[in-house]
**Q** 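Before we start, here is the structure in question, set down as structure tokens.
In each ligand, atom 1 is the first atom listed, and ligand 1 is the first ligand listed.
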Amino acid sequence: MHRTPRVRSRGRPDRLVVVLSDIEMGAGGALDDFPNSPWLGDVLRRYLDPRYDDVALDLVFNGDTFDLLKTSHKDTWPHHVTSDVAVAKMSRVAAAHPAFFAALREVLARRGSRAAVHFVAGNHDLDLFFPEVQEVVRGLTAKDERVRFHGHQFELGRAFFEHGSQLDPLFRVEVDQPFLEHKGEKILNLAWASVALLDVVIPLQPLLHHHDRLKPKKLVLELVPEVKELLTSLAWSYWTRDWWRDYFGAKNPVKRVNWTMLKEVVWRFAAMDVEVGTQADFQRMMTEDDRYDLRMVGHVHEPGWWSFSGRRVLRTGALRDEFVIDADGLVQTPVNKTWAEVWMSGDEVVRAYLVDEPSPLRPPGTMPLSIFDVIPGVRALLRPDAARLEEISAQEEQERKEK
Ligand SMILES: [Mn+2]
């Protein structure tokens, strides 16, 4: 095909795309990883400033906006998520975050057709695939085409948006099959790792919710080894339940789950640095594919920037609350919040960058002052043979390596 040579130009921006990920709004209280939706509402309202008046505004919530995975339903964490269960969880989260929805309504009302809100599903809010859940969100924002649900990914011109969990082997789900049929009901097709988390780790939330917010993970486990012991023993007793392997064996014969994989999932919650398991090959993506000048991802809760010949991957950090502890575990420093601003002109990405801001403090009484307060609670749950189980699993791993 003959193509005319030309120089592609990037004109004056006519669109601002604001990208936020991993907000993980929960159902309120101490267990909620993001109790600051009034702060988020203020951030969103900044884009009502007159200096943005002559560009279109797109707010992109790039996955894990709502922490529906960790939101309980009737005091349990069901892994058969029907639309009724999903709607009930979504309604609980919405009730705890009126300021978020009020800000979206205000932005949409004041900007009219020159604003759009995009939701990408992440591994914590796959429930957004249910049309019934989308209706709940539309009911709180706008019941028109300005509020869009894109599933796992979407593109605006030469910019591509995805949460990032589909790049993570542990949390990848079937792209074309968000639902399963189970006993005549439509249920969410969760990744096996999510099911394992629901069964093993998430029920520990009342005890360990705050430790899930601490970084670096390895240091947390060195300082509070009882947590590692507890997770290992719970994972092991889960693993040795035969029905579990039967269930997943039948459902997914290709990807066999083994003990090491299960342990990785469980530890990732509290014991591993997320990067270890989830480093996607952004460099290769940019080298091999010239369709996009910008790819936006989130998911691993660590802001990042990769580039290759004018193409870029930007990774937004978590907006949910996280804390860095010092070497003695006595000082907790809130991690800054990062999101992205992308300026576009038609299909072209003109410029893109990360915004970095100090985190607001959690409301009084919603976090422990000391990370060591949990030790008696964790000890009470420890099985006496936990140390022995740790030995067995170390042995098993050794044998596997020698094979
Ligand atoms: Mn995620």
**Q** Quick test of your reading of the model: are R12 and D54 salt-bridged, counting only N-O distances below 4.0 Å?
**A**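 Looking at D54 together with R12, the answer is yes, because their closest N to O distance falls below 4.0 Å.
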**Q** With sequence neighbours left out, write down each residue that passes ring-ring contact (aromatic ring centres under 6.0 Å, His included) with F160, or none if nothing qualifies.
**A**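 So F160 forms a ring-ring contact (aromatic ring centres under 6.0 Å, His included) with Y292.
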**Q** Which protein N, O or S atoms lie under 2.8 Å from the Mn ion (ligand 1)?
**A**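 Listed by chain and number, the nearby protein N, O or S atoms are D64 OD2, N123 OD1, H163 NE2, H299 ND1.
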**Q** Give a yes or no on whether the ring-centroid distance for F119 and F129 is below 6.0 angstrom.
**A**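 No: the rings miss the under 6.0 Å criterion.
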**Q** When you compare the side chain of L294 with that of M296, does any pair of heavy atoms fall below 4.5 Å?
**A**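 Yes, at least one pair of side-chain atoms sits under 4.5 Å.
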**Q** Report the residues that fulfil ring-ring contact (aromatic ring centres under 6.0 Å, His included) with H118, sequence neighbours left out, ordered by chain and then residue number.
**A**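 ring-ring contact (aromatic ring centres under 6.0 Å, His included) check on H118 returns H150, F154.
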**Q** Which pairs pass ring-ring contact (aromatic ring centres under 6.0 Å, His included) with one or both residues in residues 28-49, sequence neighbours excluded?
**A**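 As it turns out, the ring-ring contact (aromatic ring centres under 6.0 Å, His included) pairs with a partner in residues 28-49, which skip direct neighbours, are Y47-Y52.
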